[in-house]
Amino acid sequence: MTIDRRHAVPPPCPRAGLFSTRGFVRGAALSATLAGLVVIGGCSATSSNEDRVHDLLVSGDLTRAYWELEQAVQANPDDAELRRRLGELRIAYHLREGQQKVFEDDDWGAVEEFERVLLAEPDNPVAQHWKDKALVKLADRAVAAGDDARARGKLEDALKHYHEAETYLPGHPEAARGTRLVGEVFSARRDKGQANYVKGMRAQAGGRFDETHYHMDIALDNDPSLSAAEERRRVARRQLAEERRREAQEAEERGLFATALREYKAVAVSFPDLAEELAPKIAATEREVAAAEKLNEGTLLAQRGEFAKARALLEQAYEASAVQRGEISAQLVALREADLEKRYTAALDLELDYHYDDALRAYREIDASWPGQLDVRTRIQNLETALELAREAQTKGEEAEANHDVDAAISAYREALTYVPKFGDLVERVERLRAAKAKDAGGVPTPSNDSGSAKPVPSTPDPDAPGK
């Protein structure tokens, strides 16, 4: 505990036989109360106890001085004088603690200390004076808090602080003034709230629900007790929510799923009471947005000829969507036709370049993916026939060559080449046999045009019209 040494107890009066505490606490009345608390002559306190109490009072330690005197009372319970002076020291202690708390702005704690004194001595002028002083500080502080709250528009808090000030000091002029000003603001707000309520009511009658909501907001901000305004605002909010939901539905019907999703989510955020109701719709629209994105990406891939990737995305979009399946199906059909045309054209080019084996393999793959499309099966049959005839002719040529019948071998090989102009190595074989024959005859072989002539494949359609 910190003691102000300006008010320290002076040395004891040696011949009077008492400890003087004059000046220990401020105020002449309090000094008189503390004077002569311990008397040497006529009391039963021991000399050592007397010295300790004296030293503690000199040092300003009232708490320990009180404890020492209390020990003396316990040792001499029948000494009425000791008990009286213990009571006086207790009063001095509470007075000193109360003053210290006032200086430290612990004013409510100070009031409690002074009330302890007044409980023992109701007419103690020092305690009453300092209690009043602490109450004035508490009231002034409450008024300052009220003024600050009023300046920030916190009128309820301001009113609470002003009422608090008047509980400390009834009739406090600044508290009364603050209460009056708050009342005037409340009155103005009530008038403003009522005026906006009327405007909102008229707007609602005209179906202008955004205006209704705006005015009812102002009405309730200024007068929260307007229950009718709360109800009308609720109705207006519901109508606004329904309008925005209809806009979202219209966007969804037009295929603007991203726009619809934004609107549905905005409604759910702005009107939380509709969030649960809108949750399934938001989830469904999210799926449609994802499907639309896959549809767009798949369409672009198809335009670039990446049919496999495009088909995978379009199939995912079809599974995700419940609304766009018709459009997605049309895209899948178009994708299939484009892929078929591309593969058919590639197979036809192989056939026209006499790569019959490769062409036949390509046609068979097309027929496996899209059975019965275009004239694919006819072309397969024609190529199979041509290849079979070529193999038969090749076999005859190989037999003739084995029998050293060069002319028959050449004739058979040339027959095979008429069916399949680039059939195996028959062109090279014919050239080799003709060169050997010319060498045996002593002449020079003439160039052969076997690789450039071919019998037409039966029933081969016009290559420029793959769909006929």
Side-chain angles (χ1 to χ4, degrees), residues 139-167 172-254 256 258-283 285:
D140 289 346
R141 193 176 296 123
V143 168
D147 290 344
D148 180 68
R150 179 166 56 85
R152 291 185 289 109
K154 305 292 185 179
L155 298 184
E156 291 80 2
D157 292 343
L159 197 59
K160 180 181 68 175
H161 289 304
Y162 292 140
H163 287 170
E164 179 187 354
E166 294 210 64
T167 61
H172 192 293
E174 292 302 316
R177 174 179 173 277
T179 301
R180 177 176 55 78
L181 291 176
V182 170
E184 291 174 358
V185 175
F186 271 131
S187 178
R189 284 191 169 188
R190 280 194 296 270
D191 293 343
K192 184 177 181 180
Q194 185 61 35
N196 276 274
Y197 173 77
V198 172
K199 291 178 181 178
M201 180 178 62
R202 292 170 180 168
Q204 186 176 21
R208 301 187 304 277
F209 298 107
D210 53 345
E211 291 183 34
T212 303
H213 193 275
Y214 171 76
H215 287 299
M216 293 307 169
D217 269 347
I218 297 176
L220 288 167
D221 284 344
N222 286 276
D223 187 0
S225 66
L226 284 172
S227 57
E230 177 62 39
E231 176 60 22
R232 287 183 181 272
R233 181 173 68 173
R234 187 190 66 79
V235 173
R237 283 171 61 84
R238 184 74 187 199
Q239 290 296 329
L240 289 172
E242 291 300 330
E243 287 180 5
R244 295 193 68 176
R245 180 153 64 175
R246 283 194 295 272
E247 291 174 359
Q249 289 173 340
E250 290 173 2
E252 184 179 2
E253 290 169 359
R254 291 164 54 195
L256 304 175
T259 301
L261 181 60
R262 284 195 299 271
E263 286 299 312
Y264 284 133
K265 287 185 174 180
V267 172
V269 171
S270 301
F271 308 97
D273 52 316
L274 296 178
E276 183 176 356
E277 179 182 342
L278 287 173
K281 191 65 175 176
I282 290 174
T285 309

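When reading the values below, keep in mind they use all heavy atoms of this one structure, side chains included, and skip hydrogens, waters and symmetry mates. Fair warning: this is a prediction, and the values are worked out from it, not measured in the lab.
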Test item: Thr259 and Arg254 side chains (from C-beta on) under 4.5 Å apart, heavy atoms: no
Picking from Lys199, Arg232, Gln239, what satisfies side chain to side chain contact (heavy atoms under 4.5 Å, CB included) with Gln204? Arg232
Sorted by first residue and then second, give each side-chain hydrogen bond (donor to acceptor under 3.5 Å, both in side chains) pair with at least one member in residues 183-196; sequence neighbours left out. Arg180-Glu184, Asn196-His215
Can you check whether Tyr197 reaches Asp223 side chain to side chain, under 4.5 Å on heavy atoms? no
Looking at OH of Tyr264 and CG of Leu278, how far apart are the two atoms once the value is rounded to the nearest 0.5 Å? 8.0 Å
Side chain to side chain contact (heavy atoms under 4.5 Å, CB included) involving Glu263 - partner list, sequence neighbours excluded: Arg244, Glu247, Ala248
Min side-chain heavy-atom separation Lys265-Arg262 under 4.5 Å: no
Do Phe209 and Arg237 come close enough that some side-chain heavy atom pair is under 4.5 Å? no
Answer whether the closest heavy-atom distance between the side chains of Arg245 and Lys281 falls below 4.5 Å. no
Within the 4.5 Å heavy-atom criterion, are Asp147 and Tyr162 side-chain neighbours or not? yes
Roughly how far apart are Asp217 CG and Asp221 CG, rounded to 0.5 Å? 6.0 Å
dist Arg152:CZ -> Asp148:CG (nearest 0.5 Å) comes out at 4.5 Å
So, taking the atom named NE2 in His213 and the one named CG in Leu240, what distance separates them when rounded to the nearest 0.5 Å? 6.5 Å
Taking side chain to side chain donor-acceptor pair (under 3.5 Å) as the definition, give me every residue that meets it alongside Arg208, ordered by chain and number, with sequence neighbours left out. Glu211
Between Ala142 and His161, which heavy-atom pair has the shortest distance, and what is it? O-CB, 3.3 Å
Could you give the distance from CG (Asp140) to NE2 (His172), rounded to the nearest 0.5 Å? 4.0 Å
Indicate the atoms forming the closest heavy-atom contact of Leu159 with Thr179, along with that distance. CD1-CG2, 3.9 Å
May I have the step-by-step check of side-chain contact (heavy atoms from CB on, under 4.5 Å) for Asp210 and Glu243, ending in yes or no? CA-CA 11 Å; Asp210 53 345; Glu243 287 180 5; over 6 Å; no
Ala149 to Ala158 - nearest heavy-atom pair and separation: CB-N, 3.6 Å
Over all heavy atoms of both residues, which pair between Ala165 and Ala139 is shortest? Give the atoms and the distance, please. CB-O, 3.5 Å
Above 12 or not: heavy atoms from other molecules or residues under 6.0 Å from CZ of Phe186? yes
For residues Ala236 and Thr212, report the shortest heavy-atom separation together with the two atoms involved. CB-CG2, 3.8 Å
To the nearest 0.5 Å, atom CZ of Arg233 lies from atom CD of Glu230 at 4.5 Å
